[in-house]
Amino acid sequence: LLLLSQPGQTALALAAHHSVADGWSFMVMLRELLHLYDALVAGQRPALSAAPSYVHFMRAEKMANEADVAQRLAAIPARRFDPASALPVVLQAAPYQGQRLKQGLAYPNLSTQLRNVVAELRTTRFVMLNALFVLTLEKFIGHSLLPVAVPNAGRDFENSEGLVGQCVSLMPLCFNSAASASLPEFVAKVHQAILAQRDAPALPSRCFHGEQAPLPLLATFNVEPSVPLAEMRQWQASLSMLPVNAVEFPLMINVVEMADELSIELDYQARYFTGQTASALLEQYLAAIAILAEQGVSAVNQQFYSPVAVEA
């Protein structure tokens with residue numbers, strides 16, 4: 001739907017049923033649409049590169065060798081996390097029923113401050129934000145070795161850019177943050193764990209789903225790069241999803257990087273989280289990011305690496 005609100009201002013609204021498009025598909029379409037428009041406005045011939053294939057990752061899961069899968073799962077330093085025993089069950093029926101919370105963190109120079117912290121930690125934005133989420137989650141839940149998966153689909157983890165599917169080609173990460181002496185040490189462990197897994201074949205989704213799954217996940221964590229949402233000059237674009245009514249894992253968090261802003265969506269299963277508890281978790285995560293950006297690594301060390309260790 002093309003809306004001409006007033007001279008010089010135009011809004012294009014796109015909507016699609018989830019049966020024909022998802023977050024992966026919409027990001028491909030949005031990037032290509034904006035690229036085509038900018039090229040045509042500049043009088044240039046558009047040149048589109050091939051997008052990463054969703055089908056490729058689905059086929060890789062189906063072709064996974066069972067012995068290799070078992071060996072990789074056995075190497076993950078985690079007990080089998082059972083959400084039903086580790087979390088209070090607040091809603092028995094409809095285990096996948098869920099809701100979405102969305103909040104933002106924005107102020108001048110936020111991007112610059114986060115880049116400075118990333119340079120100090122010698123890592124990427126993705127790894128830094130992921131490590132901070134794991135620390136926040138461990139403190140909030142009261143356990144370590146929590147299985148939190150990150151998507152590997154189409155992502156270059158060296159610079160945290162690239163197309164990402166929220167639940168495609170998941171890599172499970174399990175850490176005992178209390179075994180690290182500081183935030184830099186913990187971030188380095190997360191960084192190395194991701195790089196060690198990124199070229200391995202995708203683990204089948206059955207590893208993470210269902211009562212018999214060998215490694216049920218507590219959460220998935222994803223960061224979408226700012227391009228093209230924040231670097232479009234005269235454009236203002238947003239990818240707005242309809243309210244969710246089904247959530248795949250107990251927690252699913254998606255961070256969208258904008259210009260001096262982070263937009264954070266937290267999906268939660270109503271079986272384990274009320275709106276109040278999920279909101280409290282999101283607020284603590286936002287507060288941790290703000291402390292890291294404004295006060296630096298030492299302030300986060302004081303927050304998470306106190307003499308009171310997280311329960312192992």
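Being a predicted model, the structure only gives us computed values, none of them experimental.
Every residue two or more places apart in sequence or in another chain that forms a ring-ring contact (aromatic ring centres under 6.0 Å, His included) with Phe133 is listed here: Phe221, Tyr285. A search for side-chain hydrogen bond (donor to acceptor under 3.5 Å, both in side chains) contacts involving Gln103 returns Glu283, not counting sequence neighbours. The side-chain hydrogen bond (donor to acceptor under 3.5 Å, both in side chains) search around Gln44 returns none, not counting sequence neighbours. Glu248 meets the side-chain hydrogen bond (donor to acceptor under 3.5 Å, both in side chains) test with His209; sequence neighbours excluded. In this structure, Arg122 has no salt bridge (Lys or Arg N to Asp or Glu O under 4.0 Å) partners at least two apart in sequence or on a different chain.
Summarising the geometry, atom CZ belonging to Arg100 is positioned 8.0 Å from atom CG belonging to Asn254; distances are rounded to the nearest 0.5 Å. Atom CD of residue Gln71 and atom CD of residue Glu66 lie 13.0 Å apart, to the nearest 0.5 angstrom. The distance from the OG atom of Ser205 to the CG atom of Leu170 is 8.5 Å, given to the nearest 0.5 Å. Rounding to the nearest 0.5 angstrom, the gap separating the CG atom in Asn130 from the CZ atom in Arg125 is 14.5 Å. In this structure, CD in Gln192 is found 9.0 Å from OG1 in Thr123, a value given to the nearest 0.5 Å. One distance of note links CD1 of Ile141 with CG of Leu87; it measures 5.0 Å at 0.5 Å rounding.
Tyr107 and Leu114 fall within a single hydrophobic cluster, where Ile, Leu, Val, Met, Phe, Trp and Tyr side chains are chained together by heavy-atom contacts under 4.5 Å. By the rule that hydrophobic residues join a cluster once side-chain heavy atoms approach within less than 4.5 Å of another member, Tyr37 and Leu48 end up as members of separate clusters. Linking ILVMFWY residues whenever their side-chain heavy atoms come closer than 4.5 Å, directly or via other members, leaves Val247 and Leu91 in distinct clusters. Criterion: ILVMFWY side-chain heavy atoms under 4.5 Å apart, direct or through other members. Under it, Phe186 and Phe140 are part of a common hydrophobic cluster.
Checked by atom type and distance alone, the side chain of Asn116 pairs as donor or acceptor with a backbone atom of Thr112 at under 3.5 Å. Here the side chain of Asp260 pairs a donor or acceptor atom with the backbone of Ser111 at under 3.5 angstrom. Not one N or O on the side chain of Thr277 forms a donor-acceptor pair closer than 3.5 Å with the backbone of Phe273. Of the possible polar contacts, one joining the Asn301 side chain to the Leu183 backbone as a donor-acceptor pair under 3.5 Å is found. Between the side chain of His35 and the backbone N or O of Ala47, at least one donor-acceptor pair lies under 3.5 Å.
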- Between Leu73 and Cys207, is a side chain to side chain contact (heavy atoms under 4.5 Å, CB included) present by the stated rule, with each step listed? CA-CA 9 Å; Leu73 290 174; Cys207 295; 3.9 Å; yes
- Query: Can you check side chain to side chain contact (heavy atoms under 4.5 Å, CB included) on Arg271 and Val90, steps first, answer last?
  - Reply: CA-CA 5 Å; Arg271 180 180 179 86; Val90 296; 6.0 Å; no
- Step by step, work out the side chain to side chain contact (heavy atoms under 4.5 Å, CB included) result for Phe126 and Ile194. CA-CA 10 Å; Phe126 180 93; Ile194 290 176; 4.0 Å; yes
- List the steps and the verdict of side chain to side chain contact (heavy atoms under 4.5 Å, CB included) for Val41 and Asp38. CA-CA 5 Å; Val41 168; Asp38 285 345; 5.6 Å; no
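A pairwise comparison of heavy atoms in Leu266 and Ala278 identifies CD2-O, 3.5 Å as the closest pair. Residues Lys102 and Ser263 come closest through the heavy atom pair CE-OG, 3.2 Å. Contact detail for Val300 and Ala288: the closest heavy-atom pair is CG2-O, 4.4 Å. Listed here is the closest heavy atom pair of Ser279 and Leu101: N-CD1, 3.4 Å. Between Gln295 and Ser298 the shortest heavy-atom distance is O-OG, 4.2 Å. Minimum interatomic distance between Pro216 and Pro147 (heavy atoms only, all atoms of both residues): O-CG, 3.3 Å.
Proximity of Arg72 to Ile76: side-chain heavy atoms (C-beta onward) are nowhere separated by under 4.5 Å. Contact of the Ile264 side chain with the Leu105 side chain is not registered, since no non-hydrogen atoms from C-beta on lie closer than 4.5 Å. The shortest distance between side-chain heavy atoms of Leu203 and Pro172 falls below 4.5 Å. Residues Leu146 and Val134 have side chains not in contact (no heavy-atom distance under 4.5 Å, counting atoms from C-beta outward). A 4.5 Å side-chain heavy-atom check between Leu281 and Leu251 finds at least one atom pair inside the cut-off. Side-chain contact between Thr220 and Ile253 is absent, with no heavy-atom pair separated by less than 4.5 Å. A heavy-atom distance below 4.5 Å is found between the side chains of Val297 and Val117. Between Gln99 and Asp267, the closest side-chain pair of non-hydrogen atoms is not below 4.5 Å.
When only modelled atom types and interatomic distance are considered, Glu138 and Ser177 share a side-chain donor-acceptor pair under 3.5 Å.
Remark: Lys189 is not positioned above the aromatic ring of Phe175, lacking an NZ or CZ atom under 6.0 angstrom from the ring centre and at most 45 degrees off the axis.
Hydrophobic cluster membership for Leu1: Leu3 (Ile, Leu, Val, Met, Phe, Trp, Tyr linked by side-chain heavy atoms under 4.5 Å, directly or transitively).
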